[in-house]
Amino acid sequence: MSAIQAANNVLSQEIALLGNCGYDIQDNRIVINIAEISNHRPQGDISGTLAIELWAFKTPQATDTSEGHLLAATTIGELYGEHYLSNCRYDLIFQEPPAGKWYFALLLREWTADGYTTRDQIIFSLPYTANKPAIIRSESDNIINVDFTAGKETSGKAAEPVKATTKTKAPEAPKAVSLNEAALEEIKAVKGISKNLAENIVSTRPFSSLDELLKVKGMGEKLLARIRAYISL
């Protein structure tokens, strides 16, 4: 599923999304394209760590993150005043929202003393229907399968129905990365941790608990919750 929309819903004239912005969903990945991210503050006025987040809301008017579902996110570092980033493209993991009809919102967020604050946003008018089941009946073995991927774009050959007697081995869980001992490159390899955040973690460690990561610049509660299963001390 793809959508594109002009950035014209500016919340802050200081840090803003400009030009056309859009997304393209393919299975569990999403590519977010942004024409320009600008910092209109005076020269030398460096922003806090900026983040791009895509959220799902029940109505196009609702943009309170406490009422939505985070679909994808990445940090993009700091941006100097009177500077901008152009032709931005972010290939991210897509976390589909619960079943139902949703409206997507692209948020530009800045890290402050009070946590991440929304500086600009775009509400996409094209709704997204998540997890719509389709009933598939196999004439050869008389088995009924429920496919929850209908309505989503896929590529390649469709999978054949799996018989009820088929057993599959569960994939092994990835080994957690020790933030107190791992090298910088290992920490950067954890999905969701940017280069700047990894460097901040290395310069701040050791930690006595994972919750202490919230003191690291660039780390928020939602990001910590998302990566907690992949990290250790």
Side-chain angles (χ1 to χ4, degrees), residues 15 17 21-34 37 47-57 63 65-79 85 88-98 102 104-112 114-122 128 130 171-233:
I15 299 178
L17 301 168
C21 301
Y23 63 83
D24 183 20
I25 301 171
Q26 292 289 342
D27 298 322
N28 66 337
R29 305 292 300 185
I30 182 170
V31 176
I32 298 175
N33 293 289
I34 303 172
I37 303 172
S47 73
T49 298
L50 299 178
I52 295 296
E53 299 178 357
L54 188 71
W55 288 78
F57 298 99
T63 56
T65 55
S66 65
E67 300 176 356
H69 292 270
L70 182 62
L71 309 177
T74 185
T75 56
I76 56 177
E78 301 168 336
L79 188 59
L85 302 173
C88 305
R89 183 180 186 275
Y90 306 104
D91 187 345
L92 308 171
I93 294 175
F94 176 66
Q95 301 288 342
E96 188 175 47
W102 300 90
F104 288 0
L106 183 63
L107 274 57
L108 175 59
R109 312 256 283 167
E110 180 182 18
W111 179 259
T112 68
D114 298 322
Y116 273 108
T117 300
T118 301
R119 296 305 186 193
D120 199 7
Q121 64 188 31
I122 299 173
Y128 176 87
E172 295 182 1
K175 183 178 180 181
V177 175
S178 171
L179 299 186
N180 281 341
E181 301 177 359
L184 176 63
E185 293 301 321
E186 294 180 87
I187 297 175
K188 284 167 52 181
V190 177
K191 291 190 178 298
I193 297 183
S194 66
K195 176 182 178 182
N196 287 344
L197 178 53
E199 291 174 346
N200 291 341
I201 290 173
V202 171
S203 64
T204 307
R205 67 186 185 187
F207 307 99
S208 58
S209 70
L210 290 180
D211 290 335
E212 287 189 6
L213 286 167
L214 293 174
K215 299 177 182 179
V216 178
K217 186 175 182 180
M219 178 67 72
E221 292 183 358
K222 291 185 179 295
L223 174 57
L224 178 57
R226 196 162 67 248
I227 66 173
R228 187 179 286 269
Y230 309 106
I231 58 176
S232 64
L233 298 181

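These values consider heavy atoms only, across backbone and side chains, with no hydrogens, waters or symmetry-generated copies.
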Plane angle bin for Trp102 and His69 - parallel if under 30°, tilted between 30 and 60°, otherwise perpendicular: perpendicular
Would you say that [X] contacts [Y] through its side chain, given a criterion of any heavy-atom pair below 4.5 Å between the two side chains?
{"X": "Leu106", "Y": "Tyr23", "result": "no"}
{"X": "Leu54", "Y": "Gln95", "result": "no"}
{"X": "Ile32", "Y": "Thr74", "result": "no"}
{"X": "Leu108", "Y": "Ile52", "result": "yes"}
{"X": "Val202", "Y": "Ile187", "result": "yes"}
{"X": "Arg205", "Y": "Leu179", "result": "no"}

Counting N and O atoms only, with roles assigned by atom type, does the side chain of [X] sit under 3.5 Å from a partner on the main chain of [Y], one being a donor and the other an acceptor?
{"X": "Arg89", "Y": "Val31", "result": "no"}
{"X": "Thr49", "Y": "Glu78", "result": "no"}
{"X": "Asp120", "Y": "Leu17", "result": "yes"}

Atom pair [atom1] ([X]) and [atom2] ([Y]), whose distance is rounded to the nearest 0.5 Å:
{"X": "Ile227", "Y": "Met219", "atom1": "CD1", "atom2": "CE", "answer": "4.0 Å"}
{"X": "Ser178", "Y": "Leu233", "atom1": "OG", "atom2": "CG", "answer": "7.0 Å"}
{"X": "Leu70", "Y": "Lys222", "atom1": "CG", "atom2": "NZ", "answer": "6.5 Å"}
{"X": "Asn28", "Y": "Ile93", "atom1": "CG", "atom2": "CD1", "answer": "7.0 Å"}
{"X": "Leu210", "Y": "Leu224", "atom1": "CG", "atom2": "CG", "answer": "6.5 Å"}

Show the nearest heavy-atom pair for residues [X] and [Y], with the distance to one decimal.
{"X": "Val177", "Y": "Ala182", "answer": "CG1-CB, 3.5 Å"}
{"X": "Asn180", "Y": "Pro206", "answer": "OD1-CA, 3.2 Å"}
{"X": "Ile25", "Y": "Tyr128", "answer": "CD1-CE1, 3.9 Å"}
{"X": "Ile76", "Y": "Tyr90", "answer": "CG2-OH, 3.4 Å"}
{"X": "Ala229", "Y": "Ala176", "answer": "O-CB, 4.4 Å"}
{"X": "Gly220", "Y": "Trp111", "answer": "CA-CZ3, 4.1 Å"}

Any chance you could lay out the side-chain contact (heavy atoms from CB on, under 4.5 Å) test for Tyr116 and Leu107, step after step, and finish with the verdict? CA-CA 11 Å; Tyr116 273 108; Leu107 274 57; over 6 Å; no
Sequence neighbours excluded, which residues qualify as salt bridge (charged side-chain N to carboxylate O under 4.0 Å, His left out) partners of Glu110? Arg41, Arg119
For a side-chain contact (heavy atoms from CB on, under 4.5 Å) check, start with the C-alpha distance between Ile30 and Leu71, then their side-chain angles and the critical distance, and finish with the verdict. CA-CA 9 Å; Ile30 182 170; Leu71 309 177; 6.0 Å; no
So, applying side-chain contact (heavy atoms from CB on, under 4.5 Å) with Leu223, which one of Leu214, Leu197, Ile193 is it? Leu197
Residue pairs meeting salt bridge (Lys or Arg N to Asp or Glu O under 4.0 Å), one or both in residues 178-203, sequence neighbours left out, come to Glu185-Lys188
Worked verdict on Thr204 versus Lys215 for side-chain contact (heavy atoms from CB on, under 4.5 Å): CA-CA 9 Å; Thr204 307; Lys215 299 177 182 179; 5.9 Å; no
From CA spacing to verdict: side-chain contact (heavy atoms from CB on, under 4.5 Å), Gln121, Trp55: CA-CA 10 Å; Gln121 64 188 31; Trp55 288 78; over 6 Å; no
